[in-house]
Amino acid sequence: MVLRRNQDYFKREIFTLAHELGHYLLNQEEVESMDYDQLAHNTTTSKIETWCNNFALAFLAGDELAALDNLPEIGKSNDYSFDEIKAISDSTHLSFTAILTYLVRTNKMSGAIYGRMRKDQDDTIQAKKDAEKKKRELEKEMGKKPMASQAKPIQSPLFVSAVQTAFYDGVINEYELCKTLHLKPEQLEKYLR
């Protein structure tokens, strides 16, 4: 499996890996982008993709799947079961969004409530990112050095080979190759041997 790490959220990456494990178990691959909004509204998802999504959710939910299935219909009267959903997300590798998507697909939540809860979540995440960015900028202005340096990814020979093959097969271009392998364009030559 090769996962293109362009996602901001670790739990979403884990879901994607579990989804791809589902494809491996079925021995059937389809190329499709992961879009929780499309999944929630059940728009043109093939049987294989649906199975892999359900597998990933059940695999990651574990024993908490029963708790999800036992939630009442989500609405204002039960405060949108926010605390219960958050507790399940915190105790599993399922993101809040993946749980909301599951609840829409199992008809425990309307699309309108899903949209509002996703927007609230996105706004909260963006506010945290903005606050963190502002804090870093302020610390930089004050001359405070960052506590840790940027992590450098470990690139296995197998990963590099897979990326090279993707380049040679025309799946990715030079820019994507450089970005994926964290290369400067002048370093490209040594990876294309």
Side-chain angles (χ1 to χ4, degrees), residues 1-133 151 153-154 156 159 162 180:
M1 275 183 245
V2 176
L3 176 64
R4 187 171 174 196
R5 297 200 62 196
N6 60 358
Q7 300 171 6
D8 290 334
Y9 309 104
F10 188 61
K11 285 186 174 187
R12 185 166 181 167
E13 288 183 12
I14 292 172
F15 187 93
T16 302
L17 286 171
H19 172 96
E20 293 306 319
L21 176 62
H23 280 293
Y24 175 78
L25 294 172
L26 290 176
N27 196 25
Q28 292 186 323
E29 184 60 47
E30 291 183 353
V31 178
E32 185 175 304
S33 65
M34 285 291 296
D35 185 345
Y36 284 120
D37 291 327
Q38 280 183 347
L39 293 174
H41 296 94
N42 212 8
T43 55
T44 64
T45 304
S46 73
K47 287 181 181 181
I48 293 171
E49 290 300 310
T50 299
W51 188 90
C52 291
N53 289 331
N54 292 339
F55 168 79
L57 187 116
F59 181 76
L60 296 173
D63 294 337
E64 295 294 333
L65 185 58
L68 277 173
D69 289 336
N70 290 330
L71 285 174
E73 187 173 330
I74 308 300
K76 192 173 187 176
S77 64
N78 57 15
D79 198 24
Y80 304 103
S81 297
F82 182 83
D83 292 336
E84 292 86 349
I85 295 169
K86 180 147 177 26
I88 292 169
S89 178
D90 290 346
S91 67
T92 65
H93 288 295
L94 285 172
S95 68
F96 194 81
T97 301
I99 293 171
L100 295 182
T101 301
Y102 177 75
L103 294 172
V104 170
R105 297 200 68 189
T106 56
N107 297 317
K108 290 191 177 257
M109 175 185 288
S110 72
I113 291 173
Y114 171 87
R116 277 195 305 262
M117 289 182 82
R118 280 289 312 275
K119 183 176 180 338
D120 289 348
Q121 181 190 29
D122 290 346
D123 291 348
T124 300
I125 290 169
Q126 189 59 48
K128 284 181 183 178
K129 284 182 177 180
D130 292 345
E132 185 61 34
K133 182 179 178 184
I154 299 171
S156 73
F159 175 73
T180 303

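Within 6.0 Å of CG in Asp123 there are more than 12 heavy atoms belonging to other residues, nucleotides or ligands.
Using bins of under 30°, 30° to 60° and over 60° for the plane-to-plane angle, the ring pair Phe55/Trp51 lands in the parallel bin.
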Legend entry - Residues Leu65, Leu57; criterion side-chain contact (heavy atoms from CB on, under 4.5 Å); working and verdict: CA-CA 8 Å; Leu65 185 58; Leu57 187 116; 3.7 Å; yes

Inset, instruction - Dump the intermediate steps for side-chain contact (heavy atoms from CB on, under 4.5 Å) on Ile125 and Lys129, then the final yes or no. - result: CA-CA 6 Å; Ile125 290 169; Lys129 284 182 177 180; 4.1 Å; yes

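Looking at residues two or more places apart in sequence or on another chain, you find no side-chain hydrogen bond (donor to acceptor under 3.5 Å, both in side chains) involving Lys133. Scored by the salt bridge (charged side-chain N to carboxylate O under 4.0 Å, His left out) test, Asp130 finds no partners at all (sequence neighbours excluded). By the salt bridge (charged side-chain N to carboxylate O under 4.0 Å, His left out) test, Asp90 pairs with Lys86, sequence neighbours left out.
Using a 4.5 Å heavy-atom threshold, the side chains of Tyr114 and Thr97 count as touching. Put simply, the side chain of Lys119 does not reach to within 4.5 Å of the side chain of Arg116, judged on heavy atoms.
Rounding to the nearest 0.5 angstrom, the gap separating the OH atom in Tyr102 from the CG atom in Asp69 is 3.5 Å. One finds the CG atom of Asp122 at 11.0 Å from the CZ atom of Phe96 (value rounded to the nearest 0.5 Å). Taken to the nearest 0.5 Å, the CZ atom of Arg12 stands 8.0 Å off from the OG atom of Ser95. Distance check, rounded to the nearest 0.5 Å: NZ of Lys108 to CG of Leu68 gives 8.5 Å. How far CD1 of Ile74 is from CD of Glu84: 7.5 Å, rounded to the nearest 0.5 Å. Annotation: the span from Leu60 atom CG to His19 atom NE2 amounts to 12.0 Å, rounded to 0.5 Å.
Of all heavy-atom pairs spanning Cys52 and Leu26, the tightest one is SG-CD1, 4.0 Å. The nearest pair of heavy atoms linking Ile88 to Thr92 is O-OG1, 2.9 Å. Contact detail for Ala61 and Leu94: the closest heavy-atom pair is CB-CD1, 3.6 Å. Smallest separation of non-hydrogen atoms from Met109 and Met117: CE-SD, 3.6 Å. Across Glu73 and Asn78, no two heavy atoms sit closer than the pair O-ND2, 2.9 Å.
When atom types are taken as modelled, the side chain of Lys11 and the backbone of Ala98 share no donor-acceptor pair closer than 3.5 angstrom. For Ser89 (side chain) and Ile85 (main-chain N/O), no donor-acceptor pair under 3.5 Å exists by modelled atom type.
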